[in-house]
Amino acid sequence: MLDIRLIRENPEKINELLKRRNPELSVDKVIEIDVERRKIQTEADELRALRKTESQKIGEMKKRGENTDSIQEEVRAIGDKVKALEEKQIELDEKQRTLLLNIPNIPDETTPIGASEDDNVEVHRTGEPVKFDFEFKPHWDIAEAKGIVDFERGVKLSQSRFVMYRGKGARLERAIIEFFLDLHTLEHGYEEIMPPFMANSATMTGTGQLPKFAEDMYKCQDEDLYLIPTAEVPVTNIYANEILSEEDLPKYMTAYTPCFRREAGSAGKDTRGLIRVHQFNKVEMVKLTTPESSPEEHEKLTQNAEKCLELLGLPYRRVALCTADIGFSANKCFDLEVWMPSYNTYKEISSCSNYGDYQARRANIRYRDKESGKTRFVHTINGSGLAVGRTFAAILENFQQEDGSVIIPEVLRKYTGFDKI
RNA sequence: GGAAAAGUGGCCGAGUAGGUUUAAGGCGGCACCCUGCUAAGGUGUUGUGUGGGGUAACCUGCACCGAGGGUUCGAAUCCCUCCUUUUCCGCCA
């Protein structure tokens with residue numbers, strides 16, 4: 001949610017930044033409602049003050065045994081007016097809130113301006129794409145041949161785009177999860193969190209999934225609960241409606257969770273393999289920081305994600321997403337893309353975003369500034385470290401051998417207990 | 001799932017046959033005073049949100065006693081719904 005005061009004071013600047021995302025965005029309607037809303041609030045406040053003093057008078061008169069019929073009638077009339085204004089105010093408040101909840105974050109000044117994902121900017125590449133001197137296979141063929149992912153039975157049990165790992169596949173998937181969690185907790189200083197995998201609508205609104213992206217999520221019948229699309233949702237909301245002290249910041253938290261996505265708009269895309277499924281595993285990193293330190297913390301978090309790829313020995317590149325491609329709530333985002341031989345290109349495996357105070361304002365996560373004693377919104381940052389299923393796929397493809405086997409990266413072996421599939 | 005009790009500020013804890021409660025008091029925090037230092041003591045201060053005025057420090061209105069409704073001239077206090085916690089019963093990994 002954008003700051004209404006900032007919008008009030010600087011509408012042209014906000015509009016200019018929003019139009020970098022999409023020329024159709026603007027805060028004009030919000031300002032219109034804001035003016036009316038404030039006018040009504042002032043009126044209602046004054047009437048409430050009057051009602052209060054008059055009511056007190058009635059109390060005193062009654063104590064003295066005086067007749068209060070006529071003044072009671074007057075105050076009742078004031079009350080009716082107050083009620084009418086309050087209704088109007090609630091209506092305008094809700095209207096304004098709805099508008100604000102549906103306006104995306106303004107991009108950071110350093111986010112490249114662009115009209116589509118084609119305008120994303122590559123920042124750097126690490127490692128060389130493998131060159132095979134034999135006919136390599138896509139990961140779904142390898143997985144099937146080795147019997148480590150059962151695609152057909154996953155579909156039978158649930159639906160298309162559900163997969164079932166088995167044997168060494170299940171073990172490898174678990175090994176990757178443990179490797180990532182150990183790396184972030186033991187080397188990078190994150191606290192491990194195991195959150196609920198379902199979250200209520202207030203939590204979903206806090207990080208920006210609701211109200212706009214309801215159709216992307218699985219909703220429980222008869223309950224105000226959604227399956228989480230990412231650990232970002234529960235973990236970022238841990239301190240919702242709380243005031244932290246400055247010493248508590250920055251907070252580093254990491255969590256493994258399964259992630260559930262309906263993939264409503266992606267029919268026909270990446271239909272084979274592990275790249276796009278309804279349920280996948282992910283280790284997420286989340287930070288709460290002061291506004292001053294958030295750019296630096298965002299960079300460090302991105303490097304923490306890159307470390308995962310480097311230790312696994314997977315070739316990847318970092319891409320700065322342009323204004324047309326960054327997520328709804330983000331002001332800046334780096335994607336990490338891993339080399340996937342079967343696609344002959346780099347595929348997203350991590351998305352590291354800075355949200356500024358946009359999510360904190362929605363979720364009401366604040367801290368007390370030590371110097372001024374005032375409360376301020378924290379900045380929230382998160383990134384995948386990494387998507388586990390896509391890591392699994394990248395390992396199969398990049399480390400496959402001519403004889404059809406797959407060499408397990410050194411760092412995973414203590415978790416898998418085998419060095420080859 | 002059933003029954004009972006309870007939810008008041010950072011914490012503890014008064015206040016409910018409706019009306020100087022603009023929520024007592026304590027603890028904690030902060031500032032200052034006293035003191036050779038520390039401890040103790042003294043004085044003051046102490047939340048959140050949202051409006052208005054002012055360049056600003058600041059001044060000022062309104063709202064907030066789990067959440068949302070209702071009754072009333074007036075609600076922390078009465079009524080209804082929901083949520084949470086505790087205890088008991090049932091079920092269960």
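Values in this document were obtained by computation on a predicted structure and should not be read as measured data. In what follows, chains carry the letters A, B, and so on, assigned in the order in which the sequence lines appear, proteins first and then strands, with residues in each chain numbered from 1.
- Closest heavy-atom contact between A/R362 and A/P211: NH2-CD, 3.7 Å.
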Mind listing the side-chain donor-acceptor pairs of residues 326-336 of chain A below 3.5 Å, one per line with the distance, residues two or more places apart or on another chain?
unit_1: A/S329; atom_1: OG; unit_2: A/T207; atom_2: O; d: 3.3
unit_1: A/K332; atom_1: NZ; unit_2: A/T110; atom_2: OG1; d: 3.1
unit_1: A/D335; atom_1: OD1; unit_2: A/S351; atom_2: OG; d: 2.7

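- For the P atoms, the distance from B/G9 to B/A93 is 40 Å, rounded to whole Å.
- Protein atom NZ of A/K39 is 22 Å distant from nucleotide atom P of B/U50, rounded to whole Å.
- As rounded to whole Å, 12 Å separates atom C1' of B/G10 from atom CD of A/E242.
- Note: CD1 (A/I243) to P (B/G29) measures 19 Å, nearest angstrom.
- In this structure, the separation between SG on A/C259 and CG on A/N281 is 7.5 Å, given to the nearest 0.5 Å.
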### Task
List the steps, then state whether side-chain contact (heavy atoms from CB on, under 4.5 Å) holds for A/I238 with A/I193.
CA-CA 10 Å; A/I238 286 173; A/I193 303 287; 4.1 Å; yes
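- The base-pairing partner of B/U38, taking Watson-Crick or G-U wobble contacts with both distances under 3.5 Å, does not exist among the strands shown.
- Across all strands shown, B/U22 forms no Watson-Crick or G-U wobble pair with both distances under 3.5 Å.
- In the model, A/D28 has a side-chain atom that pairs as donor or acceptor with a side-chain atom of A/N15 under 3.5 Å.
- Remark: B/C27 base-pairs with B/G10; criterion is Watson-Crick or G-U wobble with both hydrogen-bond distances under 3.5 Å.
- Residues passing the side-chain hydrogen bond (donor to acceptor under 3.5 Å, both in side chains) test with A/D270 are A/R276, A/Y343, A/K347, sequence neighbours excluded.
- When the nucleotides B/G47, B/U50, B/G52 are ranked by their closest atom to the side chain of A/R38, B/G52 comes out on top.
- Residues A/E73 and A/Q96 each lie close to RNA chain B; by heavy-atom proximity, the contact nearer the 5' end of the strand is made by A/Q96.
- Residues of residues 7-15 of chain A having a heavy atom closer than 4.0 Å to RNA chain B, listed by number: A/R8.
- Annotation: ring pair (Phe, Tyr, Trp, His ring centres under 6.0 Å) contacts of A/Y252 (sequence neighbours excluded): A/Y190.
- Nucleotide B/C88 forms a Watson-Crick or G-U wobble pair with B/G2, both donor-acceptor distances falling under 3.5 Å.
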Which atom pairs link the protein and nucleotides 66-70 of chain B when you take only N or O atoms and keep those under 3.5 Å?
none

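- Remark: the separation of the C1' atoms in B/G69 and B/A17 is 25 Å, to the nearest Å.
- The partner of B/A76 cannot be assigned: no Watson-Crick or G-U wobble pair with both contacts below 3.5 Å exists in any strand.
- To the nearest whole angstrom, the two P atoms, one in B/G47 and one in B/A31, are 15 Å apart.
- Rounded to an integer number of Å, the gap from A/R361 CZ to B/G49 P is 11 Å.
- Pairing partner, B/C82: B/G66, with both Watson-Crick or wobble hydrogen-bond distances short of 3.5 Å.
- Looking at A/Q72 and A/T68, their side chains do bring a donor and an acceptor atom within 3.5 Å of each other.
- With a cut-off of 3.5 Å on both Watson-Crick or G-U wobble distances, the partner of B/A17 is given as none.
- Straight-line distance between the C1' atoms of B/G28 and B/G13: roughly 14 Å, to the nearest whole Å.
- Rounded to a whole angstrom, the distance from the C1' atom of B/A75 to that of B/G68 is 15 Å.
- Residue-level contact check: A/T375 touches the backbone only, with heavy atoms under 4.0 Å from sugar-phosphate atoms and none from bases.
- Take A/F162 and apply the ring pair (Phe, Tyr, Trp, His ring centres under 6.0 Å) test, not counting sequence neighbours, and it matches A/H278.
- Nucleotides B/U48 and B/G10, compared at atom P, are 8 Å apart to the nearest Å.
- For the pair A/I365 CD1 and B/U48 P, the computed distance is 18 Å after rounding to whole Å.
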#### Entry: Nucleotide-resolved protein contact map, nucleotides 57-64 of chain B, B/S/- at heavy-atom distance under 4.0 Å
----BSS-
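- Atom CD1 in A/I33 sits about 18 Å away from atom C1' in B/G51, given to the nearest Å.
- Only the P atoms considered, B/U71 is 24 Å distant from B/C83, to the nearest whole Å.
- By the side-chain hydrogen bond (donor to acceptor under 3.5 Å, both in side chains) test, A/S342 pairs with A/E397, sequence neighbours left out.
- Atom NZ of A/K57 sits about 9.0 Å away from atom CD of A/E74, to the nearest 0.5 Å.
- Checking A/S294 against A/N354 by side-chain atom types alone, a donor-acceptor pair falls below 3.5 Å.
- With sequence neighbours excluded, no residue satisfies ring pair (Phe, Tyr, Trp, His ring centres under 6.0 Å) with A/F418.
- Every residue was checked against the side-chain hydrogen bond (donor to acceptor under 3.5 Å, both in side chains) condition with A/T42, not counting sequence neighbours, and none meets it.
- For B/A63, the O4'-C1' to base torsion is more than 90° from 0; the nucleotide is therefore anti.
- Between the CZ atom of A/R366 and the C1' atom of B/G49 there is a distance of 8 Å, rounded to whole Å.
- Listed by first and then second residue, the ring-ring contact (aromatic ring centres under 6.0 Å, His included) pairs involving residues 350-398 of chain A are A/Y165-A/F392 (not counting sequence neighbours).
- A/Q96 and A/R37 are linked by a side-chain donor-acceptor pair at a separation below 3.5 angstrom, with hydrogens and angles left out of the test.
- Taking the C1' atoms as reference points, B/C73 lies 42 Å from B/C30, given to the whole Å.
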N/O to N/O distances under 3.5 Å, protein versus nucleotides 17-20 of chain B:
unit_1: B/G19; atom_1: N2; unit_2: A/S55; atom_2: O; d: 2.6

